[in-house]
J.: 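For reference, the structure I am asking about is given below.
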Amino acid sequence: MRKVVIAGNWKMNKTLAEASDFMDAVIPKAPGGNTEAIVCAPFVHLPALVEKAKGSNVKVAAQNMHFEESGAYTGEVSPVMLTDIGVTHVVIGHSERREYFAETDESVNQKTKAAFAHGLTPIVCVGETLEQREANETMDVVGNQVKKALAGLSDEQVTQTIVAYEPIWAIGTGKTASSEDANEVCAKTRKVIAEITSQGIADQVVIQYGGSVKPANIDELLAQSDIDGALVGGASLEPESFVQLVEAGTK
Ligand SMILES: O=C[C@H](O)COP(=O)(O)O
């Protein structure tokens with residue numbers, strides 16, 4: 001049975017005090033078991049959050065990383081630095097990185113491989129624009145992103161990869177994809193993974209949905225056959241809301 005992974009992506013939000021207060025409120029209520037709670041925070045907060053999360057059911061993720069171990073890459077953070085401070089997961093290829101910071105399918109693949117090389121679990125983001133959806137290109141786009149992101153990984157690494165389907169037109173807009181539409185893309189994404197590995201491997205992959213997920217709609221999304229969790233932005237910023245999202249994964 002696949003675990004349920006609820007990840008809160010804070011994006012560029014919170015002071016250190018707010019981040020610490022968030023963890024103090026969430027950690028006592030994180031259920032554990034088959035539901036995994038992940039906080040994806042800005043780099044500056046990661047050491048403090050990792051310290052707070054020690055011994056708890058909450059994992060800490062970075063929101064990006066470089067694929068090189070070190071070098072002349074001003075402003076970047078390497079996988080070595082993340083594992084050195086105890087980070088366990090890393091979001092790769094978020095649509096905002098693709099849009100604003102020239103992230104490509106090729107760099108997503110390099111970063112995904114580098115994550116595994118350093119013992120980090122990647123949360124690989126894929127998703128289409130509204131124009132691509134309206135042109136019926138969703139699965140061409142998402143399928144291509146998935147294939148390129150996972151290229152060169154071992155079967156074991158594929159099973160460990162978390163894929164986050166985030167239709168770009170649903171991010172931060174309040175327009176959540178219908179659970180049926182979201183599940184259709186997640187199911188077809190699993191089919192693509194089966195084509196490049198095997199059905200047995202694909203059936204183990206955690207596929208999240210992201211895009212205006214909130215406590216009011218997460219139950220319906222998690223009830224779908226091929227949605228194994230959520231990557232949540234706005235609704236993950238408040239502790240009470242994030243706890244409700246994680247608790248939905250235990251139902
Ligand atoms: O990483 C999270 C996604 O971008 C979704 O953000 P949102 O929940 O604010 O729509």
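All ligand and atom numbering here is 1-based and tracks the order in the structure.
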J.: Taking side-chain hydrogen bond (donor to acceptor under 3.5 Å, both in side chains) as the cut-off, I'd like each qualifying pair that reaches into residues 237-251, sequence neighbours left out, listed once.
T.: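 For residues 237-251: Asp219-Lys251.
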J.: Looking only at side chains, do Ser95 and Glu99 share a donor and an acceptor under 3.5 Å apart?
T.: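 Side chains of Ser95 and Glu99: no pair found under 3.5 Å.
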J.: For Leu231, run the side chain to side chain contact (heavy atoms under 4.5 Å, CB included) check against Val213, Val5, Asn9, Ile162 and tell me which one passes.
T.: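 The passing option is Asn9.
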J.: For a side chain to side chain contact (heavy atoms under 4.5 Å, CB included) with Val108, tell me which candidate from Arg98, Gln145, Lys113 qualifies.
T.: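 The passing option is Arg98.
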J.: Near Ile171, which atoms of ligand 1 are under 4.0 Å from a heavy atom of that residue?
T.: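 Ligand 1 atoms under the 4.0 Å threshold to Ile171: 4 (O), 6 (O), 10 (O).
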J.: Could you tell me how the ring of Phe22 sits relative to the ring of Trp10: parallel (under 30°), tilted (30 to 60°) or perpendicular (over 60°)?
T.: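 Phe22 and Trp10: perpendicular rings.
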J.: Only heavy atoms count here, so choose which of Glu96, Lys11, Glu166, His94 is nearest to atom 6 (O) of ligand 1.
T.: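 Heavy atom nearest to atom 6 (O) of ligand 1 belongs to Lys11.
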J.: My understanding is that only one of Thr88, Leu82, Val50, Ile38 makes a side chain to side chain contact (heavy atoms under 4.5 Å, CB included) with Val60; could you say which?
T.: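 Among Thr88, Leu82, Val50, Ile38, the one that satisfies the side chain to side chain contact (heavy atoms under 4.5 Å, CB included) with Val60 is Val50.
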J.: For Gly211, take its heavy atoms, then give the atoms of ligand 1 lying under 4.0 Å from any of them.
T.: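 Those atoms are 5 (C), 10 (O).
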J.: Look only at interatomic distance and state if Gly172 has a nitrogen or oxygen under 3.5 Å from any nitrogen or oxygen of ligand 1.
T.: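 Gly172 vs ligand 1: N/O contact under 3.5 Å present.
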J.: Among all protein heavy atoms, pick out the one at the shortest distance from atom 8 (O) of ligand 1; state its residue, atom name and that distance to 0.1 Å.
T.: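 The protein heavy atom lying closest is Gly233 N, 2.8 Å.
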J.: Tell me, which protein residue and heavy-atom name are nearest atom 9 (O) of ligand 1, and how many Å apart are they?
T.: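 Ranked first by proximity to atom 9 (O) of ligand 1 is Gly234 N, 2.9 Å.
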J.: For Ala170, counting its heavy atoms only, list the atoms of ligand 1 lying under 4.0 Å from any of them.
T.: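 Listed by number with element, the hits are 10 (O).
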J.: What protein heavy atom sits nearest atom 1 (O) of ligand 1, and how far off is it?
T.: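 The answer is Asn9 ND2, 2.9 Å.
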